[in-house]
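Shown next, in structure tokens, is the structure this report addresses.
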Amino acid sequence: MASLRLAVVFAVLAIVANFVRRQRSMAKDLAEWVPEEWKGAPVIPDALPAATALADAGRWAERPAIDEAAVRHFDREGFVVLRQVVDHWALDLLREASDRVCAETLDRQGWCHLKQTRWMVDEFRDFLVHGPLGHITQAFVRRPAVRVLQDGAFTMGYREAEHGGPNSEELHLDDNGLAGVYGDLHRNTSAVTVWMPMHDIDLRLDGGGMEIIPGFLQHECRQVKTGWKHWGTTSSRTDEDCWEELKSMLTLLEPFKKGDVLLFHPWLMHRTQPVLRPGFRRYALFAWFVDAASVVCRPDFCDSTMPGKPCCRDAVMQPNAKLDHPCYPQVHPFTPRHELDAMLEQKPKPLIGRTAVSRDMIPYSCDDSASVVWERVKRMR
């Protein structure tokens with residue numbers, strides 16, 4: 001009996017040691033890793049910020065009503081598509097801006113993935129601050145106020161499928177491979193991802209849409225990929241068996257028309273559909289909306305020497321700090337005056353730090369153990 005107990009102790013110690021080694025290795029790899037889209041993102045010329053037509057409140061249609069059925073669908077399946085909730089004229093301006101900043105990059109590599117676009121492009125800033133997405137997402141975040149953590153222009157062409165890049169991405173969660181919501185915020189943070197095409201998309205002819213796994217957040221196999229960091233071990237089935245079933249559930253959302261918006265949970269498994277037609281370019285916006293009272297759980301991963309993921313001018317993203325800064329503006333119920341003033345300060349790209357670089361990647365720095373995360377998420381809802 002004593003020898004059996006000793007064997008069990010050694011087995012547990014071996015498991016713990018292996019886990020620690022894996023986390024340390026992951027931290028080192030992530031600290032040295034630079035995503036390809038950072039290297040290939042366009043360089044936005046310096047210019048003084050200026051208000052655009054998107055800042056004119058009189059041009060926007062009345063804010064859309066969000067019915068309870070849409071919220072229940074989001075809770076049950078992890079996503080919902082809202083039809084015709086964004087003004088078409090605003091999408092035209094966003095597409096023109098995307099084309100302006102991404103044209104050279106698209107010609108060179110077939111894709112353009114620019115993060116924190118609102119810090120560099122006037123139209124994206126004004127769309128997020130004055131447009132309807134803050135109002136829309138608050139119905140799903142279900143907190144008094146909402147902030148933007150991340151946004152970006154995501155444009156793809158046919159060549160990308162041949163040469164790699166985001167168009168050929170695998171199924172993934174929006175967690176940057178880390179524990180926590182979006183890998184930055186504590187795991188009990190209420191948040192929603194928005195994906196929105198800027199024009200009609202024929203998904204069967206053109207491609208460039210979104211594929212998701214409905215109900216993934218309740219599925220016993222949600223531990224696959226990086227899911228184990230959020231839920232712990234949820235199934236005794238092998239990854240191969242889980243993937244076979246999950247991929248059979250993969251759903252291509254259609255149709256997608258100009259003005260439609262997809263909202264999904266940060267931990268919903270998804271991927272971008274490849275572009276299918278030569279000569280076609282898919283223009284879209286993605287953005288991460290979070291509870292305005294969110295608390296940061298790890299240092300930011302950014303590099304202002306590269307255009308793909310610039311750093312905020314101030315060290316906002318520090319463990320246990322509040323996400324209360326113009327870099328991550330409140331967009332519902334209103335944007336405070338001092339945040340608007342900071343975004344429009346008369347110097348080029350006023351919110352971007354010029355020299356600050358932080359590459360600290362901490363796989364576990366949030367407050368809860370993975371075993372209790374799902375219960376907390378359910379209670380939060």
Side-chain angles (χ1 to χ4, degrees), residues 63 66 71 74-75 78 80 115-116 118-119 125 127-152 173-176 178-194 217 229-231 263-268 286-302 311-343 351 358 360 362 364-370 372-381:
R63 296 296 191 243
I66 309 300
V71 177
F74 180 89
D75 288 343
V80 69
K115 296 185 177 182
Q116 306 296 19
R118 67 189 181 282
W119 295 353
R125 178 200 65 232
F127 176 80
L128 291 166
V129 169
H130 301 282
L133 292 187
H135 162 81
I136 290 170
T137 56
Q138 190 276 334
F140 300 90
V141 172
R142 281 172 281 196
R143 294 294 184 270
V146 175
R147 288 186 176 273
V148 177
L149 178 66
Q150 177 71 266
D151 79 289
L173 314 181
D174 283 342
D175 59 7
N176 290 317
L178 302 170
V181 171
Y182 299 124
D184 289 327
L185 308 177
H186 280 278
R187 291 182 283 196
N188 62 349
T189 302
S190 190
V192 62
T193 295
V194 164
L217 280 74
K229 296 185 178 182
H230 310 303
W231 295 293
L263 300 99
F264 59 94
H265 191 281
W267 297 341
L268 182 73
F286 79 92
W288 298 345
F289 293 84
V290 302
D291 176 9
S294 296
V295 177
V296 178
C297 67
R298 71 171 183 88
D300 195 16
F301 184 25
C302 59
C311 299
C312 177
R313 70 184 186 191
D314 301 315
V316 184
M317 302 292 284
Q318 297 296 325
N320 298 316
K322 288 289 186 69
L323 195 69
D324 184 10
H325 192 279
C327 281
Y328 310 99
Q330 180 176 297
V331 293
H332 182 86
F334 62 90
T335 302
R337 182 74 252 174
H338 73 276
E339 293 188 4
L340 287 170
D341 291 343
M343 288 184 276
L351 294 180
S358 172
D360 256 334
I362 304 176
Y364 280 94
S365 60
C366 296
D367 57 344
D368 298 317
S369 64
V372 301
V373 171
W374 185 233
E375 290 303 316
R376 293 197 62 173
V377 171
K378 286 193 293 186
R379 290 199 301 272
M380 182 180 70
R381 294 298 183 193

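In what follows, residues are counted from 1 in the order of the sequence shown.
- Although no hydrogens or angles enter the test, the distance criterion places a donor-acceptor pair under 3.5 Å between the side chain of Thr137 and the main chain of Leu133.
- Note that the CZ atom of Arg147 and the OG atom of Ser294 stand 9.0 Å from one another [nearest 0.5 Å].
- For Tyr182 and Thr189, the side-chain atoms include no donor-acceptor pair closer than 3.5 Å.
- Taking both residues in full, the closest heavy atoms of Pro336 and Gln330 are given as CD-CB, 3.9 Å, listed atom of the first, atom of the second, then distance.
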Given side chain to side chain contact (heavy atoms under 4.5 Å, CB included), test Asn320 with His186 step by step and report yes or no. CA-CA 9 Å; Asn320 298 316; His186 280 278; 3.6 Å; yes

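- Annotation: side chain of Val129 is in contact with side chain of Leu340 (closest heavy-atom distance under 4.5 Å).
- In this structure a side-chain-to-backbone donor-acceptor pair under 3.5 Å is present from Arg63 to Gly131.
- No donor-acceptor pair closer than 3.5 Å links the side chain of Gln138 to the backbone N or O of His332.
- Side-chain N or O atoms of Trp267 include none that pairs as donor or acceptor with a backbone N or O of Asp174 at under 3.5 Å.
- Between Ile66 and Phe140, some side-chain heavy-atom pair lies under the 4.5 Å cut-off.
- Phe74 and His265 have tilted rings, their planes meeting at an angle from 30° to 60° on a 0 to 90° scale.
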Any chance you could lay out the salt bridge (charged side-chain N to carboxylate O under 4.0 Å, His left out) test for Arg142 and Asp75, step after step, and finish with the verdict? CA-CA 12 Å; Arg142 281 172 281 196; Asp75 288 343; 2.6 Å; yes

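- Closest heavy-atom contact between Ala191 and Pro266: O-CD, 3.6 Å.
- For the atom pair SG of Cys297 and CG of Asn188, the computed distance is 10.0 Å after rounding to the nearest 0.5 Å.
- When every heavy atom of Ala287 is checked against every heavy atom of Leu128, the shortest pair comes out as CB-CD2, 4.4 Å.
- The main-chain N or O of Ala293 is never found under 3.5 Å from a side-chain atom of Arg143 such that the two would form a donor-acceptor pair.
- Considering all non-hydrogen atoms of both residues, Cys312 and Tyr328 come closest at CB-OH, 4.1 Å.
- Pairing each heavy atom of Leu351 with each of Met343, the nearest pair is CD1-CG, 3.7 Å.
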When you look at Val146 and Val290, which way does the side chain to side chain contact (heavy atoms under 4.5 Å, CB included) test go after all the steps? CA-CA 6 Å; Val146 175; Val290 302; over 6 Å; no

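- With a 4.5 Å cut-off on side-chain heavy atoms, Val192 and Trp288 do not count as touching.
- Looking only at side-chain heavy atoms (C-beta outward), Ile136 and Leu263 come within less than 4.5 Å of each other.
- Looking only at side-chain heavy atoms (C-beta outward), Val194 and Phe286 stay at 4.5 Å or farther from each other.
- The two atoms that bring Gln116 and Leu149 nearest to each other are NE2-O, 3.3 Å, heavy atoms only.
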